[in-house]
Number of protein chains: 4
Amino acid sequence: MRTDKKQAILDAALTLFTEQGYHATSTASIAKAAGVATGTLFHHFASKDALLAELFLTVKQELAVEMQAGLKSESGLRHNAHHVWQTGMEWALDNPQKQLFFQQFCMSPALSPEIRKMAMEEVLGFLGDLLLQGQQAGEIADFPADLMLENCHGQFLAATRFFLDNPARWQQHHYQDAAFQQFWQSITPIHN
Amino acid sequence: MRTDKKQAILDAALTLFTEQGYHATSTASIAKAAGVATGTLFHHFASKDALLAELFLTVKQELAVEMQAGLKSESGLRHNAHHVWQTGMEWALDNPQKQLFFQQFCMSPALSPEIRKMAMEEVLGFLGDLLLQGQQAGEIADFPADLMLENCHGQFLAATRFFLDNPARWQQHHYQDAAFQQFWQSITPIHN
Amino acid sequence: MRTDKKQAILDAALTLFTEQGYHATSTASIAKAAGVATGTLFHHFASKDALLAELFLTVKQELAVEMQAGLKSESGLRHNAHHVWQTGMEWALDNPQKQLFFQQFCMSPALSPEIRKMAMEEVLGFLGDLLLQGQQAGEIADFPADLMLENCHGQFLAATRFFLDNPARWQQHHYQDAAFQQFWQSITPIHN
Amino acid sequence: MRTDKKQAILDAALTLFTEQGYHATSTASIAKAAGVATGTLFHHFASKDALLAELFLTVKQELAVEMQAGLKSESGLRHNAHHVWQTGMEWALDNPQKQLFFQQFCMSPALSPEIRKMAMEEVLGFLGDLLLQGQQAGEIADFPADLMLENCHGQFLAATRFFLDNPARWQQHHYQDAAFQQFWQSITPIHN
DNA sequence: TATGAATGAGGATTCATTCAT
DNA sequence: CATGAATGAATCCTCATTCAT
């Protein structure tokens with residue numbers, strides 16, 4: 001009951017920001033959609049910017065938690081990589097709103113660079129570790145880690161974009177497999 | 001002399017939209033930065049939206065022209081792929097403003113979907129042809145073409161993002177090579 | 001303990017109203033500065049207006065009490081006049097916050113005219129009596145009483161304003177003397 | 001025609017600020033009273049604060065010009081002093097709105113200290129010169145100049161306050177005379 | 001008494017667009 | 001073509017006040 005209205009505001013903002021964009025969404029419309037008064041929004045968030053920032057961090061954290069959940073250190077690297085990729089894709093397809101939100105705002109100047117960086121490190125941090133372990137084990141190609149990380153991120157965004165635009169394809173196994181296969185090939189050493 | 005002011009407006013808009021975002025940039029500030037009166041902007045563009053659309057198409061076309069310039073049908077596929085990739089990267093690094101602009105607006109709801117689609121097909125069209133030829137020749141992996149195209153786009157965006165953020169890396173050959181290598185591995189058949 | 005919080009609110013309001021003005025000071029900021037919850041303010045005062053009114057009357061009364069304290073009917077008029085002037089000045093300099101508050105609000109439309117008039121008569125009432133006695137004794141010039149009263153008030157405000165702006169001057173005796181001397185000359189019969 | 005609307009805004013602001021106070025007057029109401037759109041106000045003034053500042057300086061300058069108009073260096077000091085006092089009083093009574101405005105805002109925190117100081121020096125500057133000349137000629141009492149200036153200002157404010165509150169008194173010559181006489185006595189040496 | 005979340009009307013300011021010059 | 005004053009709807013945010021706890 002304490003966080004009821006605050007959560008309602010976050011939910012409404014997620015939908016509206018994603019559908020209309022940050023600037024095109026008025027705080028009044030968010031409040032209305034959340035079923036609260038305009039003042040209430042500003043009781044919980046210092047400003048519209050602060051609302052966006054908190055929303056972004058919240059969503060990003062949710063994905064991060066999800067992806068790290070089933071990692072097992074005893075499994076092989078390929079297995080773990082596939083698990084992370086698959087979990088991420090499924091989360092994105094189960095939460096299209098959130099993925100579209102993320103897709104849109106991870107490049108937008110509406111979000112302050114600090115928040116963007118903070119959110120990125122939260123998710124990409126553990127991925128970086130995975131890559132490094134793989135390189136040491138010789139299972140991952142020996143490209144510069146920072147470049148690879150950015151590339152992985154780019155492929156993940158592209159894949160979710162594609163399947164969100166063409167949901168029917170997600171049901172076809174060779175599409176699912178191709179998406180991961182392409183990703184995996186790009187980061188593994190050239191033979192095998 | 002005829003298009004002097006129009007060009008000045010386009011230039012100013014490019015910079016301001018990129019730095020501040022579409023909605024955060026007022027037409028008045030664009031006019032001021034371009035050294036013209038507020039009214040002048042509306043002599044050359046029907047609306048702010050129209051200005052953005054024209055700017056986006058202009059920039060996109062510039063990149064498309066650049067990338068297709070040196071293609072030679074008699075060269076091998078890998079050669080041509082590398083040429084396209086390299087040309088694209090160099091254009092992006094030579095025109096950071098434009099690349100950042102593109103990066104930002106190709107996902108933004110500020111741009112109408114029609115314009116976005118129009119621009120995309122202009123660039124990705126010829127790339128799609130390239131991929132198809134490659135698959136028929138067995139030089140490109142047999143993944144679904146639409147998925148691959150999206151993935152290529154994603155990797156290109158990721159690479160430019162990386163090198164624009166870390167310009168010094170572009171001078172290091174192993175970074176340049178790794179970027180292309182990762183891309184190339186992801187689309188070629190399993191290396192045996 | 002009963003009036004602890006009420007007094008804290010009055011104190012905080014005095015400071016904030018003086019520094020920022022009535023309308024620029026929110027009740028929330030007063031409550032915060034007083035260390036109480038927003039609602040508490042409205043348990044002790046019916047409204048923000050009522051808080052200002054009570055504060056004004058309180059401060060004004062304090063000055064009135066101070067000035068009348070040492071009056072002795074057996075002393076000469078000049079002595080008593082000097083006593084009142086000096087006491088008033090000292091109070092103002094010892095309570096700069098309160099004097100500034102008074103200075104600001106005795107002309108402001110934030111205060112209802114009734115409150116203003118009530119407060120004025122409280123202080124100026126006994127001064128009017130003093131002046132009248134002096135005129136009857138031939139020690140005070142024969143100017144219209146109402147005009148003189150306003151003039152005295154104006155000179156008092158001017159003097160406190162001056163010494164509050166230039167505190168160091170108050171240590172110089174010829175400044176202190178000159179202030180009173182100017183006041184005294186203005187109300188005594190032509191010196192022959 | 002150029003300054004038509006700007007002047008209308010200044011006029012409307014003068015009336016409304018004086019009657020309701022700065023914060024209690026909305027920019028929308030000023031625009032409405034001036035017969036212009038809300039946006040127009042902000043086309044001519046950067047902010048509500050800037051409008052107040054410009055208004056204050058304008059009004060103050062008008063008084064300053066008026067008071068210095070008929071000064072003649074060949075006239076005696078008393079003559080000039082009376083001229084300045086009388087001119088000031090008449091201006092105040094002819095422009096009650098402006099005098100009330102000034103009365104209210106010369107102490108209000110709504111006005112920035114810099115603007116206040118600037119305005120004061122404009123008016124009080126030449127008065128300071130007059131006083132100094134008088135002291136050198138032995139016609140003005142030898143009180144500290146800065147203190148005297150503040151005192152003169154205070155008496156002027158008090159007198160205009162009185163006559164604006166009691167307009168009928170201004171028709172009675174002994175009231176007019178008494179006001180000046182009190183002022184004059186306060187600044188002249190003790191005998192004569 | 002005390003609290004502080006909730007309210008929603010109201011306020012300052014911005015901005016795309018128009019139009020008379 | 002070019003100008004820039006004018007427009008007024010729309011926006012973000014504030015704030016005095018209430019009330020359930």
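Each chain gets a letter, A, B and so on, in the order its sequence line appears, and its residues count up from 1. Being a predicted model, the structure only gives us computed values, none of them experimental.
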(Q) If you assign B:G35 and A:A46 each to the DNA chain F nucleotide with the nearest heavy atom, which residue ends up on the more 5' nucleotide? (A)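 The 5'-side residue here is B:G35.
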- Between B:H43 and D:H43, who's closer to the 5' end of DNA chain F by nearest nucleotide?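 Final value for this comparison: B:H43.
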Using atom [atom1] of [X] as one end and atom [atom2] of [N] as the other, report the distance to the nearest whole Å.
{"X": "A:K6", "N": "E:dG4", "atom1": "NZ", "atom2": "P", "answer": "16 Å"}
{"X": "B:F45", "N": "E:dT18", "atom1": "CZ", "atom2": "P", "answer": "16 Å"}
{"X": "A:H44", "N": "E:dT7", "atom1": "NE2", "atom2": "P", "answer": "8 Å"}
{"X": "A:Y22", "N": "F:dT11", "atom1": "OH", "atom2": "C1'", "answer": "12 Å"}
{"X": "D:K32", "N": "E:dG10", "atom1": "NZ", "atom2": "P", "answer": "13 Å"}
{"X": "D:I30", "N": "F:dA6", "atom1": "CD1", "atom2": "P", "answer": "17 Å"}
{"X": "D:H23", "N": "F:dC15", "atom1": "NE2", "atom2": "C1'", "answer": "13 Å"}
{"X": "C:I9", "N": "F:dA16", "atom1": "CD1", "atom2": "P", "answer": "14 Å"}

Could you tell me the Watson-Crick or G-U partner of F:dT17, where both distances fall under 3.5 Å? Say none if there is no partner.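 F:dT17 is paired with E:dA6.
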* Asked: Partner of E:dG11 by Watson-Crick or G-U wobble geometry, both contacts under 3.5 Å, or none?
  ->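 Because both required distances fall under 3.5 Å, E:dG11 counts as paired with F:dC12.
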Measure distances between side-chain N and O atoms of D:S26 and base N and O atoms of E:dG11, and say whether any donor-acceptor pair falls under 3.5 Å.
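When only heavy-atom distances are counted, D:S26 does not reach the base of E:dG11 through any donor-acceptor pair under 3.5 Å.
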Heavy-atom donor-acceptor pair, B:T38 side-chain to F:dG4 base, under 3.5 Å: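 Yes.
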Exercise for the section: Using a strict cut-off of less than 4.0 Å between a Lys/Arg side-chain nitrogen and an Asp/Glu carboxylate oxygen, indicate whether B:E121 and B:R116 qualify as a salt bridge. Expected result: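 No, no charged N to carboxylate O under 4.0 Å.
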Q. Is it true that B:E122 and B:K60 have a side-chain N and a carboxylate O under 4.0 angstrom from each other?
A.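 Result for this pair is no, no salt bridge flagged.
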Given [options], identify the nucleotide with an atom nearest to the side chain of [X].
{"X": "D:F42", "options": "E:dT3, E:dA12, E:dT7", "value": "E:dA12"}
{"X": "C:K48", "options": "F:dA2, F:dT7, F:dA16", "value": "F:dA16"}
{"X": "C:T27", "options": "F:dT3, F:dT17, E:dT17", "value": "F:dT17"}
{"X": "D:S47", "options": "E:dT3, E:dT13, F:dA6", "value": "E:dT13"}
{"X": "D:T40", "options": "F:dT7, E:dT7, E:dT17", "value": "F:dT7"}

Worksheet item: Shortest non-hydrogen contact from B:A92 to B:L164?
Response: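 Smallest heavy-atom distance, with atoms named: O-CD2, 4.0 Å.
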So which atom in B:L16 and which in B:S29 form the shortest heavy-atom distance, rounded to 0.1 Å?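 Taking B:L16 first and B:S29 second, the nearest heavy atoms are CD1-O, 3.7 Å.
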I want to confirm an ordering. Mapping C:L41 and D:A28 to their closest nucleotides on DNA chain E, which one lands closer to the 5' end?
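This one resolves to C:L41.
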(Q) Under 4.0 Å from OP1 or OP2 of F:dG4: is there any side-chain N or O of D:K5 that close? (A)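 Negative; the distance criterion is not met.
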Distance under 6.0 Å and angle within 45° of ring axis: C:K48 vs C:Y22: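 Relative to the ring axis of C:Y22, which defines the angle, C:K48 lies inside both limits.
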Side chains of C:Q7 and C:D11: do they bring a donor and an acceptor to under 3.5 Å?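 A donor-acceptor contact under 3.5 Å links the two side chains.
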Quiz prompt | Sugar-phosphate only, base, or nothing, as touched by C:S29 at under 4.0 Å among non-hydrogen atoms | solution =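 Here C:S29 touches no strand at all.
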